[in-house]
Each structure stands twice: as C-alpha cells, then as structure tokens.
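Report on the following structure.
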Amino acid sequence: MRIIEIREVTKPISSPIRNAYIDFSKMTASLVAVVTDVMRNGRRVVGYGFNSNGRYGQGGLIRERFRDRILGADPASLLNDDGSNLDAHRIWAAMMQNEKPGGHGERSVAVGTIDMAVWDAIAKIEDKPLFRLLAERKGIEPDPRVFVYAAGGYYYPGKDDAALRAEMRGYLDRGYTVVKMKIGGARIDEDRRRIESVLEEIGDQARLAVDANGRFDLETAIAYAKMLRGYPLFWYEEIGDPLDYALQAAISEFYPGPMATGENLFSHQDARNLLRYGGMRPDRDWLQFDCALSYGLVEFERTLEVLDQFGWSPRRVIPHGGHQMSLNIAAGLGLGGNESYPDLFQPYGGFPDMVKVEDGHITMPELPGIGFEGKADLIGVMRDLAE
Ligand SMILES: O=C([O-])CC(=O)C(=O)O
Ligand SMILES: [Mg+2]
C-alpha cells in the first residue's frame with residue numbers, strides 16, 4: 001500500500017463580500033488529491049482536501065516542499081504498525097521534518113490541506129465515515145447529529161438593511177436557529193442599526209452572533225462591548241488582533257456575555273497561549289480553531305489535549321470554516337458544532353446533497369471518508385483533479 005501521487009490546484013473562491021478586515025474579491029483555495037494504489041468498491045482510493053476560506057491557496061508550499069517529503073519517504077514508514085492503512089501521524093511527521101518551531105501561519109494551511117486529504121483516504125480505505133472511525137479510535141460513541149449555524153451578514157456593495165434581513169430570513173427558512181453577521185466594517189452607530197434590524201427580523205426564532213474579524217483596538221473593542229452587551233447575542237467574535245491575548249482578557253471586564261475566537265490561531269501552542277493569557281471563560285466562551293488552517297486533524301488532536309489540560313470541554317469548540325472535515329470531527333470527537341456558510345464559498349462549503357438542516361442541526365450521512373462523494377458539485381471538481 002502506498003501514496004503514488006499528490007496533486008494540487010489553486011482555485012478561485014472569490015466574491016464581492018467584505019468583512020471588517022478584507023474583501024474576498026481575490027480569494028483562492030488549494031484543492032489537493034492524495035492518490036493511493038488501494039482499490040475499494042471497484043474504485044481507486046483518492047483522498048481529497050482543501051483549505052478553508054480566509055487564507056489563500058498554498059500551491060507553492062504544497063508543491064515545492066510538503067508533497068515531495070511525503071513522496072520521497074519510504075512508503076512503509078507512512079503506514080500503521082500492521083501495514084493495513086496509511087498513518088496520518090507518520091505522514092504528518094514526514095511533512096514536518098526539517099521545519100523549525102514557531103511561525104505557524106507560514107505553513108499550517110498547506111499541511112492542514114494535505115492532512116485533510118490523508119484522513120479522507122484513511123477512512124475510505126477502512127470503508128467507513130470518518131466520524132465513526134475517529135470515535136472508534138478514541139473509544140467513544142459518535143453523535144451523528146451536529147449543531148450548525150449560518151454565517152453570513154457580510155458587507156456587500158449596495159446591501160441595505162432590507163437585504164441583510166432577507167438574507168437572515170433565508171437562513172431561518174432553511175432550518176437554522178443561530179445566524180451570524182459581520183461588524184466593525186462600518187461606524188458603530190451603523191452597526192448598531194444593522195444589528196437591531198436583524199434582531200427584529202429573527203425575533204425569538206433564532207439567536208444572533210456578531211464577528212469583528214480582529215479589527216478593533218482596545219478602545220473600540222470596549223466601545224462595542226458596551227453597545228453589544230445590551231443585546232442577547234449568541235457571541236461576540238474575534239474582537240481584536242488574534243494574537244493580542246491581553247486585549248481579549250481585558251474585554252471580559254466589559255462584556256459578560258459569550259465571546260468566541262481562535263480561527264486565526266494555527267497551532268496547539270497558540271491555542272495554549274490563548275487559554276493561558278486570553279481570559280477566556282470555559283463556562284460560556286467558544287473556541288473556533290479550524291483544522292484546515294492549522295496543520296490538520298493531527299495537530300487538532302493536540303489542541304484538544306491542551307483544552308483538556310486547561311479544563312475546557314471539547315463541547316466549547318465550534319470550528320470556523322464550514323467544511324465537512326470539521327463536521328466529522330464534531331460528530332466523532334464531541335465538539336459543540338460547526339460553522340456553515342449556506343450561500344458562500346461554493347462548492348467547497350456545505351453538506352452532502354441529501355443533508356437538511358432541522359432545528360439548527362444536521363445528521364451525518366453514512367458515506368465512506370469525509371463525505372465529499374455526497375456533494376455533486378464538489379466531487380465533480382475533485383474528480384477533475386485526480387480521477
Ligand atoms: O470573514 C471571514 O474571514 C470568515 C470568518 O471570520 C468566519 O467565518 O468566522
Ligand atoms: Mg470569524
């Protein structure tokens with residue numbers, strides 16, 4: 001058994017939307033295929049992965065560094081002890097040889113994208129859904145029913161409050177019970193008006209989360225905290241710079257409600273610093289580490305160990321990114337749920353075609369691997385790359 005090829009293509013996932021920090025007019029994503037020599041159900045096993053939105057495609061790093069380390073390794077050194085499957089931890093170690101510590105953002109997306117494809121291949125070789133494989137390996141029961149929330153509410157040229165309300169209404173109509181909108185890309189009085197109009201639209205049918213995308217300095221963060229704490233929000237997300245743990249800690253003095261952050265922390269060491277210094281409260285706050293941006297599931301398992309050491313339940317993690325990899329981790333390892341972008345970042349985001357949102361939850365289908373084969377538009381572009 002061996003990996004015979006690794007392919008990468010960088011694809012556009014652009015749209016005219018804008019958060020408080022960036023627009024997505026030039027956004028790209030890497031799509032990766034890990035091609036094996038294994039046959040299952042009459043097909044060659046190919047694992048697929050892609051990186052989450054918000055960071056650009058990583059074709060250079062994947063093609064120039066990480067692919068060749070895997071393909072150059074002794075194939076037997078990448079297998080599990082009995083040689084019956086690939087071993088994600090050994091493949092990860094092969095990718096990371098000769099890499100210095102620190103500086104995680106430089107390579108964590110490239111490694112995380114390949115790691116997703118490796119796990120897809122491993123679960124397909126076992127002919128099981130990834131979430132079942134993960135639970136089985138950990139000796140726990142999977143929970144195929146996963147909480148999901150609808151992320152959107154971006155700034156968009158010409159978008160007024162009526163369009164924002166209509167967008168949110170569309171999420172409620174599709175079964176979501178929590179919706180998210182962007183803040184910090186307009187003046188505070190304008191954001192207050194946008195928030196009030198969404199709250200009026202959703203009434204008691206849903207809760208609202210707001211996301212500042214790391215835009216605020218301390219003064220602005222406090223001004224928003226004082227404004228936002230008057231509303232029953234689901235969470236106040238990514239308030240200041242992702243690495244400014246002192247700012248995050250300071251805001252808990254001003255904002256008693258739930259806060260969320262972590263989508264721009266890319267290693268278990270960064271996660272540990274957040275828990276050490278960020279003043280996050282395990283009884284109400286949320287962590288949003290996204291494996292596809294942060295060295296993959298091999299590293300995410302280390303992050304979950306850090307959480308455990310600091311007394312945090314995996315239920316407090318609702319990853320960023322809206323991809324099926326995190327859905328599998330949520331169902332298999334007991335996370336609190338997953339993000340979803342019902343109208344954005346297609347075909348990469350979203351669920352297999354037969355999956356419906358009901359009362360804010362989805363139920364995982366029984367598809368081998370991550371489940372990409374259940375999403376026709378997605379598996380179409382994947383197979384174009386490698387089959
Ligand atoms: O706009 C983005 O970069 C995405 C984001 O923060 C989120 O989904 O929480
Ligand atoms: Mg965010």
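Each ligand, and each atom within it, is numbered from 1 in the order the structure gives.
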### Message
Would you call the rings of H323 and F50 parallel, tilted or perpendicular, taking 30° and 60° as the class edges?
### Response
perpendicular
### Message
Would N53 count as a contact residue for ligand 1, given that I'm defining contact as a non-hydrogen atom of the residue lying under 4.0 Å from a ligand atom?
### Response
yes
### Task
Determine, using heavy atoms of F24 and all atoms of ligand 1, whether some pair is separated by less than 4.0 Å.
yes
### Query
Can you check whether F372 and Y48 have ring centres sitting under 6.0 Å from each other?
no
### Query
Taking the six-membered ring for Trp, are F24 and F345 ring centroids under 6.0 Å apart?
yes
### Task
Establish, for the pair R215 and Y21, whether the NZ or CZ atom is under 6.0 angstrom from the six-membered ring centre and no further than 45 degrees off its axis.
yes
### Task
Using the six-membered ring of W92, assess whether NZ or CZ of R302 lies under 6.0 Å from its centre and within 45 degrees of the ring axis.
yes
### Atoms in ligand 1 flagged as close to Y341, the criterion being non-hydrogen separation under 4.0 Å
4 (C), 7 (C), 8 (O)
Minimum-distance protein heavy atom relative to [atom]:
atom                   : value
atom 6 (O) of ligand 1 : N213 ND2, 2.8 Å
atom 3 (O) of ligand 1 : N19 ND2, 3.2 Å
atom 9 (O) of ligand 1 : K180 NZ, 2.7 Å
atom 4 (C) of ligand 1 : Y154 OH, 3.3 Å

### Metal-centred angle, the Mg ion (ligand 2) as apex - OE1 of E263, OE2 of E237, 10° resolution
100°
#### Entry: Between E238 and N264, a side-chain donor and acceptor under 3.5 Å
yes
### Message
Nearest non-hydrogen contact with atom 7 (C) of ligand 1 belongs to which option: H320, R55, Q288?
### Response
H320
### Best match, K182, M27, E238, E237: closest heavy atom to atom 5 (C) of ligand 1
K182
### Summary
The remaining residues in the hydrophobic cluster of F234, counting side-chain heavy-atom contacts under 4.5 Å among Ile, Leu, Val, Met, Phe, Trp and Tyr, are F147, Y149, V178, W235, W286, I318
### Task
Using side chain to side chain donor-acceptor pair (under 3.5 Å) as the criterion, list what pairs up with D353, not counting sequence neighbours.
none
## Note on the structure
Looking at D211, the N, O or S atom sitting nearest the Mg ion (ligand 2) is OD2
### Query
Does an N or O from E263, backbone or side chain, lie closer than 3.5 Å to an N or O of ligand 1?
yes
